[in-house]
Amino acid sequence: MRKGEFTGVTRRVTGLDPLADDAGIPPPLPALGDVPPEEFARHAHALVDWMARYLADPERWPVLPDVRPGDVLARLPESPPADGEPLRRILDDVERVIVPGLTHWNHPGFFAWFANSSSAPAILGEMLAATLNVNAMLWKSAPAATELELRTVDWLRQLLGMGDGWSGHINDTASISTMLALAAAREAHPELEIRERGMAGRTDLPALRVYASTLAHSSVDKSVITLGLGQRNLVKIGVDDKFRMRPDLLEAAMRADVAAGHRPIAVVATVGTTGVASIDPVREIAELCARHGAWLHVDGAYGGMAAVVPEMRHVLDGVEMADSLVVNPHKWLFTPVDCSVLLTRRPDVLMRAFSLVPEYLRTAEQDSAVNLMDYGVQLGRRFRSLKLWMVMRAFGADGLAARLRDQIAMAGEFADMVRAEPGWKVVAPVHFSLVCFRWAPDDIDASERDAINRSIMDRVNASGRVFLSHAVVDGAFTLRLAIGNMRTTREHVAEAWGLLREAAGSAR
Ligand code: PLP
């Protein structure tokens with residue numbers, strides 16, 4: 001990292017130092033109002049040059065920073081400045097203090113969790129959204145942002161190959177999308193009067209039960225906690241040898257609950273579980289939900305996005321029978337955080353759960369237009385559709401499919417390399433762009449394998465070239481290689497494999 005890069009880059013481009021006057025002194029800010037437009041433009045141009053270089057060469061920084069907790073904090077002043085500082089100095093500090101202290105999600109060696117990268121069209125969308133600063137809470141507060149969100153979400157529905165009858169909106173995260181879906185599931189039982197009377201102190205309510213597999217994301221637990229349903233009323237259903245929720249166990253659990261006087265209100269099925277990216281049998285689960293009057297929410301935060309690839313549409317088989325689906329463009333559609341799309345076939349129920357219009361927000365278009373605040377907790381809403389719309393337009397349906405297809409192919413090739421190497425094992429089916437694997441040679445005692453695989457991961461991650469994360473699969477420490485970054489190539493995957501083999505060799 002070289003100090004002064006913001007200015008240096010621009011100097012090369014324009015031959016000038018655009019951030020200072022002739023004497024090298026930045027002009028003083030006016031006493032009131034914003035930075036003058038000309039100065040903003042100079043900084044913005046320099047910054048965009050820096051951003052372009054960053055994206056062109058994201059490997060300049062190690063994927064994992066060499067910092068310990070508190071290191072960055074110690075370099076930040078404890079109190080804000082009384083007098084404004086020149087933008088140039090602030091941006092220099094971003095380079096000097098912030099960027100080297102970041103885990104670089106845009107680094108092509110980022111293979112942890114579910115890898116994702118930003119893309120140029122989405123970045124432009126974010127810049128524009130901050131510039132326009134509209135708040136898409138009501139149609140009136142942002143007519144075009146509201147209608148673009150509706151259109152963009154519908155484009156995504158079409159890209160996923162889903163039929164008519166679904167509509168949706170954009171949230172920050174899948175955690176919130178799932179919580180909203182479960183709130184709607186509860187509101188689908190209006191006779192319980194939970195919206196009006198709450199749940200606390202009531203003896204007339206049955207336990208309201210939610211079901212998800214043992215591999216469902218922790219956001220399901222957080223949702224039931226937040227909604228006051230109680231974590232004990234989230235029933236975790238076991239999985240089969242391919243890590244899929246077992247419908248026979250689900251059915252038994254629902255029946256037992258009904259017999260005990262409980263009420264099954266929702267099942268969360270996952271398409272692409274966090275640990276191993278397994279796919280729950282949505283169709284069979286949907287049939288059980290229909291039988292018990294339970295809402296089916298599908299968490300396709302990562303895996304659902306694969307349906308953008310026409311030959312991968314089967315991953316959403318049965319979702320047409322579900323009540324809601326969450327997919328995250330910020331996980332696997334080259335859109336920077338935050339962008340999570342909640343689709344539902346029952347927007348009326350979602351609206352019943354959340355619509356509340358105080359007098360000051362009443363408008364003449366109250367009933368004739370969509371007011372997106374009606375579909376969730378939050379009032380103020382970022383203009384998130386802009387970046388997603390720009391991604392869809394800039395890459396097109398075929399371009400997006402081609403990119404995801406290539407990542408799925410890369411993961412398949414990596415899995416083949418692992419399988420072909422003695423001592424290494426792929427431990428879960430590879431449906432998407434995630435490979436779960438471990439080093440488990442027969443001559444190494446099973447009791448030592450967890451520690452060895454952890455040390456392989458730590459060693460590889462210390463290289464600064466790649467970053468892998470782990471899962472515990474069937475009780476064993478497992479390495480995960482997740483491809484989702486649009487700058488990742490086969491060379492990066494090969495490099496990761498080389499580092500893994502080397503680390504395993506020296507772990508003996
Ligand atoms: N669902 C699944 C399957 C996930 O893997 C994750 C995060 O990794 C989430 C939900 C939560 O996503 P978010 O960070 O958007 O809340």
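Since the structure is predicted, the reported quantities are computational estimates derived from the model, not experimental observations. Just follow the structure's listing: the first ligand is 1, and inside any ligand the first atom is 1. Positions are given from 1 along the sequence.
Between the side chain of Arg405 and the backbone N or O of Val309, no donor-acceptor pair lies under 3.5 Å.
Trp389 carries Arg393 over the face of its six-membered ring, with the cationic atom under 6.0 Å from the centre and within 45° of the normal. Phe114 carries Arg480 over the face of its six-membered ring, with the cationic atom under 6.0 Å from the centre and within 45° of the normal.
Taking the six-membered ring where the residue is Trp, the centroids of Phe467 and Trp113 are separated by under 6.0 Å.
Look at Arg291 and Glu251 and you find a salt bridge, because one of the NZ, NE, NH1 or NH2 atoms lies within 4.0 Å of a carboxylate O, short of that distance.
Those atoms of ligand 1 that come under 4.0 Å of a heavy atom in Gly272, given as number and element, are 3 (C). Ligand 1 places these atoms under 4.0 Å from at least one heavy atom of Phe114: 5 (O).
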**Request:** Report the C-alpha separation of Tyr211 and His292 in whole Å, then their side-chain angles, then the decisive distance to 0.1 Å, and conclude whether the ring-ring contact (aromatic ring centres under 6.0 Å, His included) test is met.
**Result:** CA-CA 12 Å; Tyr211 310 81; His292 287 277; 8.2 Å; no

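Regarding atom 11 (C) of ligand 1, its nearest protein heavy-atom neighbour is His217 CE1, 3.3 Å. In this structure, the protein non-hydrogen atom closest to atom 16 (O) of ligand 1 is Ser175 OG, 2.5 Å.
Contacts between Ala301 and ligand 1 below 4.0 angstrom, taking non-hydrogen atoms only, involve the side chain exclusively. The side chain of Asp299, and not its backbone, has at least one atom closer than 4.0 Å to an atom of ligand 1 (non-hydrogen atoms only; side chain from C-beta on).
Residue nearest to atom 4 (C) of ligand 1, selected from Asn171, Thr274, Asn328: Thr274 (by heavy-atom distance). When Lys222, His330, Lys331, Met179 are ranked by how near their heavy atoms come to atom 8 (O) of ligand 1, first place goes to Lys331.
Put simply, no part of Ser340 is less than 4.0 Å from ligand 1, judged by heavy atoms.
At a threshold of 4.5 Å between non-hydrogen side-chain atoms, the residues Val349 and Thr344 do not count as touching.
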